[in-house]
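Working notes for the structure below.
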Amino acid sequence: MTLSGFRDYLPGEAAVRQEIVRVFRETCELFGFVPLETPAVERWDILAKDRETLDVIIYNVQGSKEEGDGTKKGLRFDLTVPLSRVVAANPNLPRLFKRYQAGPVWRGERPQAGRYREFIQCDADIVGTRSPVADAELVRLMGRVFERLNIREYLVRINNRKILNGLPELAGFAGEHLPEVLRILDKLEKEGLPRITSALEESQFLSAPAAGRILEVLKVASGREQWLSALRDIFAGSGVAQEGIGELAEMGRMLVESGLPAENWTFDISIVRGLAYYTGPVFETTLLKCPEMGSVCSGGRYDSLTGVFGLNKPATGISLGLDRFYAALDRIQALPAAHAGPAAVVIAVDPGSLAVAGNLAADLRENQVRTTLYPESRVRDGLAYAKAAGARWALILGENEMTQGTVQVKDLATGEQKTVPRAQVGSVVGG
RNA sequence: GUGGAUGUAGCUCAGUUGGUUAGAGCACCAGAUUGUGGAUCUGGGGGUCGUGGGUUCAAGUCCCAUCUUCCACCCCA
């Protein structure tokens with residue numbers, strides 16, 4: 001029995017999860033990223049550096065009696081803060097640092113479907129450039145991961161915090177109330193424009209004209225070229241917003257050139273992102289067939305986070321939530337196939353044949369065939385194991401075969417069985 | 001963290017206003033078949049009814065607590 005929000009992954013599920021991570025890693029390397037690994041446990045002041053409110057979700061780590069020091073520590077709740085720490089602590093890293101990392105993180109929130117207390121994040125980050133080209137590369141990278149997993153029906157929605165930062169100026173409300181306003185905008189997709197409209201109109205922080213200006217922005221909602229030009233007009237007087245719009249325009253051009261299909265991305269003013277450290281472009285990805293699972297992959301630019309640790313470098317990153325992604329794919333029956341378990345099972349008829357069977361298994365493995373040597377000389381059980389394990393071939397040998405120098409090769413998919421000379425087994429099973 | 005549902009065999013579930021040794025299908029195991037799985041037949045094992053208390057002559061059924069999973073809020077992958 002596991003703790004609430006913590007789970008075991010039995011082989012069938014674990015194999016598929018690892019397959020997804022494998023695709024993620026390969027794609028990252030194809031995009032020129034290098035791996036990074038950091039500890040699960042971090043000093044508390046590092047984790048809580050950016051936001052005191054995060055305290056509520058950070059797991060406390062008591063440490064052992066033996067270690068005895070009073071350092072307060074906790075489990076990492078994301079991979080971005082540790083990355084920022086590493087970057088700040090290692091000034092000799094390449095000026096342009098592209099790293100990927102897949103590993104567990106912990107958050108003490110109430111579990112729900114696709115939402116756990118321990119979950120794996122697959123992160124790709126680019127440190128050392130302010131160019132929106134980097135943000136576009138991250139979106140393209142994750143698009144590639146989706147494509148390789150045969151997921152075509154997904155949508156990356158992109159916004160820029162700089163545009164949202166122009167809202168107080170545009171609508172005429174105090175900047176300190178922006179977080180409240182953003183919380184309302186964030187619910188646009190979930191609750192719909194009518195409810196958001198009344199929420200804005202009823203807000204204590206907003207005058208009627210202010211609410212009206214915000215609604216004007218909301219009506220543009222999402223789009224690509226038209227969206228950009230509409231916002232350019234609305235935010236004509238705001239320098240920050242214009243800067244943000246310009247960055248998105250460049251991102252958009254790069255996405256088009258990268259070959260990301262137009263139906264897979266859009267700009268959307270209601271994408272906010274809760275984490276406070278975002279400063280520029282932000283993105284969220286949902287599976288169109290499973291919108292109720294929410295964002296399975298998201299991220300954004302955090303140009304000032306490394307500064308918190310003493311070395312100021314711009315950075316942008318994206319993160320695929322493996323567990324939620326898996327839960328969503330499972331729900332829409334789109335999980336990738338995973339090859340795990342033996343392709344061939346070698347079965348000895350009698351104890352005297354086990355050694356020769358072991359030798360045959362070694363040969364098959366030498367030929368890259370995933371092979372189990374059935375450890376007992378019981379044909380019935382060996383075949384049952386082979387079937388249950390999903391193996392394609394059963395290779396049976398006993399005294400008769402040993403004297404003839406042959407092996408019985410049974411194709412478990414068709415039930416066909418034939419006598420094959422020992423030397424040819426590799427070509428039959430391998431091909 | 002707040003509010004609300006849920007929990008019976010490995011899985012999906014049934015179980016009548018509390019009333020004898022708690023059932024079904026699938027799965028599993030054994031035999032028919034001591035060198036051949038998946039079909040068929042016959043037989044079989046398996047549940048302290050999530051856990052712990054309480055009410056009652058009697059609790060799967062009622063009450064309380066606790067845990068799990070799920071839903072909403074919050075937050076987010």
Side-chain angles (χ1 to χ4, degrees), chain A residues 1-8 10 20 24 51 53-58 76-80 102-123 142 179 182-183 186-187 190-191 271-276 278 282-287 290 292-300 317-329 331 345 347-353 357 374 376-402 407-419:
Chain A
M1 183 90 89
T2 56
L3 262 28
S4 176
F6 295 82
R7 302 179 303 156
D8 295 319
L10 269 28
I20 296 171
F24 168 74
R51 287 277 288 184
T53 47
L54 281 170
D55 276 23
V56 291
I57 62 163
I58 299 178
R76 64 185 182 202
F77 57 86
D78 73 5
L79 299 176
T80 308
V105 301
W106 295 266
R107 293 183 194 176
E109 303 172 305
R110 191 85 131 211
Q112 240 165 280
R115 174 178 171 163
Y116 312 97
R117 287 180 170 164
E118 177 181 64
F119 59 99
I120 302 248
Q121 286 199 321
C122 302
D123 272 41
M142 283 303 183
L182 294 186
R183 249 190 289 280
D186 194 31
K187 297 195 170 96
K190 198 170 186 177
E191 306 199 345
I271 296 303
V272 171
R273 312 290 308 132
L275 269 69
Y278 291 114
V282 286
F283 4 95
E284 282 193 5
T285 310
T286 46
L287 298 180
C290 195
E292 71 272 17
M293 201 61 84
S295 174
V296 296
C297 174
S298 59
I318 195 163
S319 177
L320 175 72
L322 177 65
D323 304 77
R324 180 174 296 179
F325 188 49
Y326 182 99
L329 293 184
R331 192 170 286 192
V345 175
I347 304 165
V349 169
D350 48 78
S353 310
Y374 196 72
E376 290 160 40
S377 51
R378 289 208 54 185
V379 175
R380 188 186 193 85
D381 290 354
L383 282 169
Y385 163 79
K387 175 78 192 328
R392 169 81 191 276
W393 305 101
L395 309 178
I396 304 160
L397 56 96
E399 278 177 38
N400 298 343
E401 287 75 16
M402 279 166 68
V407 175
Q408 296 295 323
V409 176
K410 182 164 186 135
D411 183 337
L412 293 166
T414 63
E416 277 177 65
Q417 180 172 331
K418 53 190 172 185
T419 307

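Per chain, numbering begins at 1; letters A, B, ... match sequence-line order.
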Would you say the side chain of [X] and the base of [N] hold a donor-acceptor pair, judged only by whether the two atoms sit under 3.5 Å apart?
| X | N | result |
| --- | --- | --- |
| A/E401 | B/G35 | yes |
| A/R324 | B/C76 | yes |
| A/R115 | B/C75 | yes |

Between [N] and [X], is there an OP1 or OP2 to side-chain N/O distance shorter than 4.0 Å?
| X | N | value |
| --- | --- | --- |
| A/S4 | B/U69 | yes |
| A/K418 | B/U36 | no |
| A/S319 | B/A77 | no |

What distance, rounded to whole Å, do you find between the two [atom1] atoms, one in [N] and one in [M]?
| N | M | atom1 | value |
| --- | --- | --- | --- |
| B/G7 | B/C70 | P | 15 Å |
| B/G4 | B/A9 | C1' | 29 Å |
| B/G44 | B/G60 | C1' | 26 Å |
| B/A22 | B/C26 | P | 23 Å |
| B/G3 | B/A77 | P | 27 Å |
| B/A14 | B/A24 | C1' | 7 Å |
| B/G52 | B/G46 | C1' | 25 Å |
| B/C75 | B/U61 | P | 39 Å |

Paired nucleotide for [N] [Watson-Crick or G-U wobble; both distances under 3.5 Å]:
| N | answer |
| --- | --- |
| B/C62 | B/G54 |
| B/G38 | none |
| B/U48 | none |
| B/A5 | B/U69 |
| B/G43 | B/C29 |

Whole angstrom is fine here: how far is it from [atom1] in [X] over to [atom2] in [N]?
| X | N | atom1 | atom2 | result |
| --- | --- | --- | --- | --- |
| A/R117 | B/C75 | CZ | P | 17 Å |
| A/I58 | B/C76 | CD1 | C1' | 14 Å |
| A/K387 | B/A39 | NZ | C1' | 11 Å |
| A/R380 | B/U34 | CZ | P | 8 Å |

Looking only at heavy atoms, what is the nearest atom pair of [X] and [Y], with distance?
| X | Y | value |
| --- | --- | --- |
| A/L412 | A/K387 | CD1-N, 4.4 Å |
| A/F283 | A/R273 | O-CD, 3.8 Å |
| A/T80 | A/D123 | OG1-OD2, 3.6 Å |
| A/C122 | A/M142 | O-CE, 3.6 Å |

Query - Residue A/E109, side-chain heavy atoms: nucleotide from B/C70, B/C76, B/U36 that is nearest - result: B/C76

Query raised in the report: Taking the side chain of A/Q112 as its heavy atoms from C-beta onward, which of B/A77, B/C73, B/G35 lies nearest to it?
Result: B/C73

Between protein and nucleotides 6-9 of chain B, what N or O pairs are separated by less than 3.5 Å?
none

Query raised in the report: Looking at side-chain heavy atoms only, is the closest gap between A/Q408 and A/T419 below 4.5 Å?
Result: yes

Query raised in the report: How about A/D411 and A/W393: do any of their side-chain heavy atoms sit closer than 4.5 Å?
Result: yes

**Report entry** Position toward the 5' end of RNA chain B (nearest nucleotide), A/N400 or A/K190
**Finding:** A/N400

Report summary line: Of A/R7 and A/D350, the one whose nearest nucleotide on RNA chain B sits closer to the 5' end is A/D350

Query - Backbone of A/E109 reached by a side-chain donor or acceptor of A/R117 within 3.5 Å - result: yes

Query raised in the report: With a 4.0 Å cut-off on heavy atoms, is A/Y116 in touch with a base, just the backbone sugar-phosphate, or nothing at all?
Result: base

Requested in this report: Identify whether a stacking contact exists between A/F325 and B/A77, where the ring centres must be under 5.5 Å apart and the planes under 30° apart.
Outcome: no

Query raised in the report: Any side-chain donor-acceptor pair under 3.5 Å between A/S377 and A/D350?
Result: no

Query - side-chain contact (heavy atoms from CB on, under 4.5 Å) assessment of A/Y116 paired with A/R324 - result: CA-CA 8 Å; A/Y116 312 97; A/R324 180 174 296 179; 5.8 Å; no

